[in-house]
Structure formats: structure tokens, C-alpha cells
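Data first, discussion second: the structure below is written as C-alpha cells.
Numbered from 1 within each chain, the chains take letters A, B, ... in sequence-line order. The figures here come from the full heavy-atom set of this structure, side chains too, leaving out hydrogens, waters and symmetry mates.
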Amino acid sequence: MASRALARTGRRAVDFVHDLGRLTAFGMSVANWSRRRPFRLRRLIDEMYDIGVLSLAVIGVSGVAVGMVLGLQGYNTLVRFGAEESLGAVVGLSLVRELGPVLTALLVAGRAGSAIAAEIGSMVVTEQLDGLRMMSIHPIDFVVAPKVLAMIACMPLLSSLFIVLGLFGGYLVGVVFLGVDPGSYLTGLEEAVEFSEDVLGSLIKAFVFGILVALVATYRGFTAAPSAAGVSAATTSTVVVASVSTLIVDYLITALWGV
Amino acid sequence: MTDSPVRDLVVGLFVLAGFLALAYLSVSLGGTTYRGPGGLEIHATFDQIGGLKPRSQVVIGGVKVGQVTGIALDEDLRARVTLDIDRTLALPSDTSASILTSGVLGDQYVELEPGAEEDAMGPGDEIDYTQSAVVLERLIGRLVQNLGADGSE
């Protein structure tokens, strides 16, 4: 009994490493196909519409809501020390350094990542990918690469929009509702946030998360078992794996580069 | 998927909005603290700069006129601070510099006190009259020492 449990653990570990290796090979293949001519601009724009434009609503609402909560919580804490004019710095630094890129990645993983996995997974089920191969079009070239490129392009843009809307939400609560001086909110914001440390780090994070979410979603869809249950499993595991690895990678980037 | 001009336009607008947000973050927030004219670089040497950092403000009478651009040790192991100041200002050559703190525990900044000389400072000039930062711990330490000495006698 114990030996069986041990064997199962071992098999899981081997499967995990196997999966990781295949994901890396998949990523290399995507990178390779992305460089090849012809560059599929038409497909890229369509995917940017699905991933970027259609995510705008959820990003916008979440951004303003997160900014408003930050403003309220920050104000309630800071006012005890008589330091409510630092509200701009608190809201700005939290959004730019952490919340902007991370929450954007989580939301995009849930909204666009799951859709990508389900779409590619159902293409596997209905043998559309085999159909493409028969026409000697590589599925990674035509289906996967545009999605990955679009996700990488959209993530920093969405993250920046999230941050700006969050700053607006914090301004709304802090300045308009609670009466913090608008000058000190904006000055605190501008003095606390620096380009080389904060804004650049934020962009690097969003970029890395874009690669991460896109690869996990397309890989899970691509390797989905050809059944209805397989598609649903691929969708679920995309959201779980992409979200958890986003959080872990976020810690690693922060710890290694201090952004 | 078929060509759709409206969709292309919406994607274009999305990209534009994203870049505008990015530009706002980079230029407006990420820019330097002091955004007035700079260009006049002068130096000042202090015994103690406390918590002064690059990008700390330089003010005259409370008005921002520049920022600290460099902090280094000179040959005599004193702190040599480089200030970048509005070049349109005609600072008298006997201007003095002191390091002050905004509030009790706030940021430290350099306050310039213009002197009375006729000739103005040029690029690379040295401020001769400087007053070091007050380190709160030392002040308290000295105070405690004095109190102790008074009490024992």
C-alpha cells in the first residue's frame, strides 16, 4: 500500500518534469514559428481584439475598484499617523510595482487564457488542427503563435491601463470623497514612483506574465485530451497553473531584481 | 476571420490608449522630481549629510530650484554633494548651503541661502559655507549626556 503511494508520487514527479520539458519545447517552437515569414498580421490583429479589447471592460472595472479600495484602506491607516498626504505614494507604488501587473495577469488568465485553452482544445476535439496539417499549415504557425504574440503585446498595455485607472480610483476616494489635498496626492505620487525602478520593473513583469499566461493557455489547449472532459480539464488547469505560476514568478522577479 | 475595418480601428484605439497610459506612467510619474530648468552644476562639501539622497530637493526660501544629482566622498573623506540648479539663477558666490529636514522625520533637502557678493556662481563652482545635517540620534545622545552630567553634580 505504502509502496503504491510512493510509486504514484514518483510517477507524478516524473510527469511534472516531463510536462515542464514539453512546455519548454513548445515555447521554443512558438518562438521559432513567430520569426518565420509570412508575418500573419491579420491573425495578430484579430487575436489582439479577442485578448486585449475584450478584456478592457474587466480590466477597467477592476482597476478602478482596486484603486478605490487602496485609497480607502490607505487613508484609514495613514490618517492615524497624520500622514494622509502620503496616500498618493502608497496607492501609486502598490499599483505600479505589484498590483497592476499581477492582477492584470490573473484577470487575463481567467478571461482570455481560459478562452484560448477552450478554443484550441475544441479544435483538437473536432480535428481542426489535423485539418490544418493536411493543408500543410502548421497549427503552431497559424493558431498558436498569433495568440501568444497578441497576449505578449496586450499584457503591458492592459497593465498600464489598469494602473492609470487604479490611480484615478485612488484619487476619487482619497481626494474627492475623503478630502486629501489634490496637490499632495499628485506630488506624492510623482515623487514616489521612479521610471528606472518602478515603471520599468512593472513593464518587465507584465511582459513576463504575458509570455507565461500565453504559453500555459496554448500548451494546455494544444495537449488537451480529445474529449469534452479533456477541454474542460485544459481550461481549468490553464487558469490554475497560470495564476499560481504568475504569483510565484512575481515573487522571484521581485526578489531577484528588487522591482 | 474576414476583414473588418471597425475591428481594426478598435484594436488601433486600444493600442493607442495603452501607449498613452504607458507614456503617462513613464513621463509624468517616472520623470524626475524636479522638472524645472537645470543645467548649473555646483558642488558643496559637508561633514555630515544624514539621509540626503540623489534627487533630494534643493530649495531657496522654500522654492524648489534644483535637485541633488550626486553624492561621493572627496580626498579628505568628507561628503561631496553635487547639485543641479536652475541655470538662470544668479547665485552670489558667497551663497551658503545647509541640509535640513522637512518635518521631524521627513525627507532631507538642501537649503541655499544667497549671500551678498556681486559676482555669480558658475558651473563647477564650490559652495564654501556649508552646514551639516543634524542627526537626531546624536542630538538626543548629547542631550542625554548633558542631562546625566548635570544630575550627577
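With a 4.5 angstrom heavy-atom cutoff, Ile45(A) touches chain B via backbone and side-chain atoms both. Leu167(A) touches chain B through its side chain: at least one heavy atom from C-beta onward sits under 4.5 Å away, while N, CA, C and O do not. Heavy atoms closer than 4.5 Å to chain B are found in the side chain of Leu56(A), but not in its backbone.
Residue Leu157(A) comes nearest to Phe19(B) through the heavy atom pair CD2-N, 3.8 Å, listed as atom of the first residue, atom of the second, then distance. Residue Gly18(B) comes nearest to Ser160(A) through the heavy atom pair O-CB, 4.2 Å, listed as atom of the first residue, atom of the second, then distance.
Within a 6.0 Å radius of CZ in Arg138(B), other residues, nucleotides and ligands contribute 12 heavy atoms or fewer. Counted within 6.0 Å of CD on Glu113(B), heavy atoms from surrounding residues, nucleotides or ligands total 12 or fewer; the atom is thus considered open. More than 12 heavy atoms of other residues, nucleotides or ligands lie within 6.0 Å of CD in Gln128(A), so this atom counts as buried by the packing criterion. No more than 12 heavy atoms of other residues, nucleotides or ligands lie within 6.0 Å of CD in Gln73(A), so this atom counts as exposed by the packing criterion.
Distance check, rounded to the nearest 0.5 Å: OG of Ser202(A) to CG of Leu25(B) gives 7.0 Å. Rounding to the nearest 0.5 Å places CG of Leu54(A) at 10.0 Å from CZ of Phe14(B). Between atom OG of residue Ser26(B) and atom CG of residue Leu203(A) there is a gap of 6.5 Å, rounded to the nearest 0.5 Å.
In this structure, Val27(B) and Phe195(A) have side chains that are not in contact, with every pair of non-hydrogen atoms separated by 4.5 Å or more. In this structure, Met48(A) and Val10(B) have side chains that are not in contact, with every pair of non-hydrogen atoms separated by 4.5 Å or more. Val53(A) is not listed as a side-chain neighbour of Arg7(B), based on a closest heavy-atom distance of 4.5 Å or more.
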